[in-house]
Amino acid sequence: MSTITQLIHSIPVDPQTGAIAVPIYQTSTFVQEAPGVNKGYDYARSNNPTREIAEKIIAGLEGGAGASAFSSGLAAIDAVVKLLQSGDEILAVDDIYGGAFRLFDKVYKKFGIHVNYIDTSDIETVFHAITPATKLIWLETPTNPTLKISDIAAIASIAKANNILLCVDNTFASPVLQQPIALGADLVVHSATKYLGGHSDLIAGVVISKTPELAQEIKFYQNACGAVLSPFDSFLLIRGIETLPLRIRQHNQNAQQIAAYLEQHPAVDKVYYPGLASHPGHELAKRQSKGFGGIISFTLKDDATAAATAFVTATKYFKLAESLGGIKSLLCHPAAMTHKSIPDEKRRAAGVSDSLIRLSVGLEDAEDLLADLEQAFAQQPVPAKVTAAV
Ligand SMILES: *Cc1c(COP(=O)(O)O)cnc(C)c1O
């Protein structure tokens, strides 16, 4: 059976009514025949049939023993951190998602959890950063917005040898392109707000665990802390996942064409896309994933905030917004948006230059997207330096 057929038929027909779509069980509680005697559900924070189906489908997609769905990607990340104790240390990829950084730095630091941010794309750096306190390695690959690639299998073997959990935030790749558990990871998290949902109409998160024991522990924190995904949002998530493989295929094809176009454009300085041979992580990305995804970043030769602002306000189909992974193309200017809270020097040192623009390539026709970018380049102001020389 192909993976698409398998995915579509992992979505069950309702046994009671034959409904082909998953019913939304919009209920808070479940009637019991006698105290403790029920049909597997007692209270909807602990378990809800709609959410349970979403969790099973996603566990299957990622090849995990179980999954828990949360009300946001950050709530999913939060549940993983709760596996740790005060005094434990996390080794995290240095250009981690900003919200994860804020959670670690502003919330968990005061509870005694220390985070060491390192360049995980360099395996030696990972090896040497491990201390007796290290209990969790946190990867994103590709990262945001410079799409750095880390070697999941190599880091998994270092983690295993040192009795450390490895968690991969697989939001950018999606399980269609990359399955961290098959590469040795213990835990996978998703902001299901992005590709899994895919339609920019919900906020959701998931943790997938390799073993039943870890799955049970995460389930405990899901119920104990309570940030569960609602029945309606679980339904939307299932509905989005039904087309995930088709959407990812189109995101990839469009992005590959656009990256090639940007790479030869005279106004563009650097293009960050793992599908380009020029990307330092290209060979590794080819080895550990089935495709390169729909996110591209690029910088302008005129590396000025003004040039980037002019560009991101000149596109028609690429809408200016944070977030990614939806059917409509989006673009953002990280220096002024997602990465604004990072001091300028630190941000530039991380490769996020003043003119860096991030595209989330959607499902429109590639020709239309290319034409949109072309007309935005044509509207670019003449760089200040050139004007002065004339
Ligand atoms: C968006 C995002 C998150 C956070 O998810 P929310 O659903 O917004 O809470 C975490 N990791 C990555 C890589 C993201 O892009």
Side-chain angles (χ1 to χ4, degrees), residues 51 54 58 62 67-82 90 92-108 115 117 120-121 136-150 152 167-175 177-178 180 185 187-208 222 225-230 233-234 236-237 240-241 248 251 255 272 274 289 293-297 321-326 330-332 334 337-342 350 352 358-362:
R51 192 179 83 218
I58 295 167
E62 285 286 4
S68 294
F70 294 85
S71 54
S72 71
L74 271 173
I77 295 171
D78 182 68
V80 174
V81 182
K82 287 190 169 112
I90 304 174
V93 58
D94 51 7
D95 49 356
I96 192 166
Y97 173 71
F101 175 79
R102 183 177 51 205
L103 179 71
F104 294 164
D105 194 57
K106 299 280 191 259
V107 180
Y108 280 104
V115 185
Y117 299 93
T120 54
S121 68
L136 176 66
I137 298 178
W138 193 275
L139 292 185
E140 284 173 36
T141 177
T143 59
N144 175 31
T146 59
L147 302 153
K148 248 180 10 186
I149 307 291
S150 296
I152 298 172
C167 181
V168 179
D169 181 335
N170 206 28
T171 300
F172 270 40
S174 93
L177 299 183
Q178 180 170 279
L187 295 146
V188 174
V189 303
H190 276 278
S191 169
T193 309
K194 318 292 170 50
Y195 287 107
L196 292 184
H199 294 71
S200 308
D201 56 8
L202 87 156
I203 300 284
V206 196
V207 180
I208 304 97
Q222 181 195 35
C225 304
V228 294
L229 193 64
S230 77
D233 285 347
S234 299
L236 281 178
L237 180 54
I241 287 172
I248 294 292
H251 285 301
Y272 300 92
S289 53
I295 308 297
I296 305 169
S297 293
E322 293 187 9
S323 200
L324 57 105
L330 301 179
L331 86 179
C332 81
M337 296 166 71
T338 49
H339 289 60
K340 199 175 169 174
S341 59
I342 302 171
V352 185
R358 188 191 75 191
L359 305 179
S360 169
V361 178

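First listed ligand is number 1; within each ligand, the first listed atom is number 1.
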Can you produce the list of protein nitrogen or oxygen atoms under 3.5 Å from a nitrogen or oxygen of ligand 1, alongside each distance?
unit_1, atom_1, unit_2, atom_2, d
ligand 1, 5 (O), Ser191, OG, 2.9
ligand 1, 7 (O), Gly73, N, 2.9
ligand 1, 7 (O), Ser191, OG, 2.9
ligand 1, 7 (O), Thr193, OG1, 2.6
ligand 1, 9 (O), Gly73, N, 3.0
ligand 1, 9 (O), Leu74, N, 2.9
ligand 1, 11 (N), Asp169, OD2, 2.7
ligand 1, 15 (O), Lys194, NZ, 2.8

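Applying the salt bridge (charged side-chain N to carboxylate O under 4.0 Å, His left out) rule to pairs touching residues 137-148 yields Asp94-Lys148, Asp119-Lys148, sequence neighbours excluded.
Relative to the ring axis of Tyr97, Lys194 places its NZ or CZ within 45° and under 6.0 Å from the centre.
The aromatic rings of Phe104 and Trp138 sit perpendicular to each other, their planes meeting at more than 60°, with 30° as the lower class boundary.
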Tell me, with the steps shown, if Val107 and Asp78 meet side-chain contact (heavy atoms from CB on, under 4.5 Å). CA-CA 10 Å; Val107 180; Asp78 182 68; 5.5 Å; no
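Using a distance-only test at 3.5 Å, with no hydrogens or angles considered, a donor-acceptor pair links the side chain of Ser360 to the main chain of Gly325. Thr143 places no side-chain N or O within 3.5 Å of a backbone atom of Asp95 that could act as its donor or acceptor partner.
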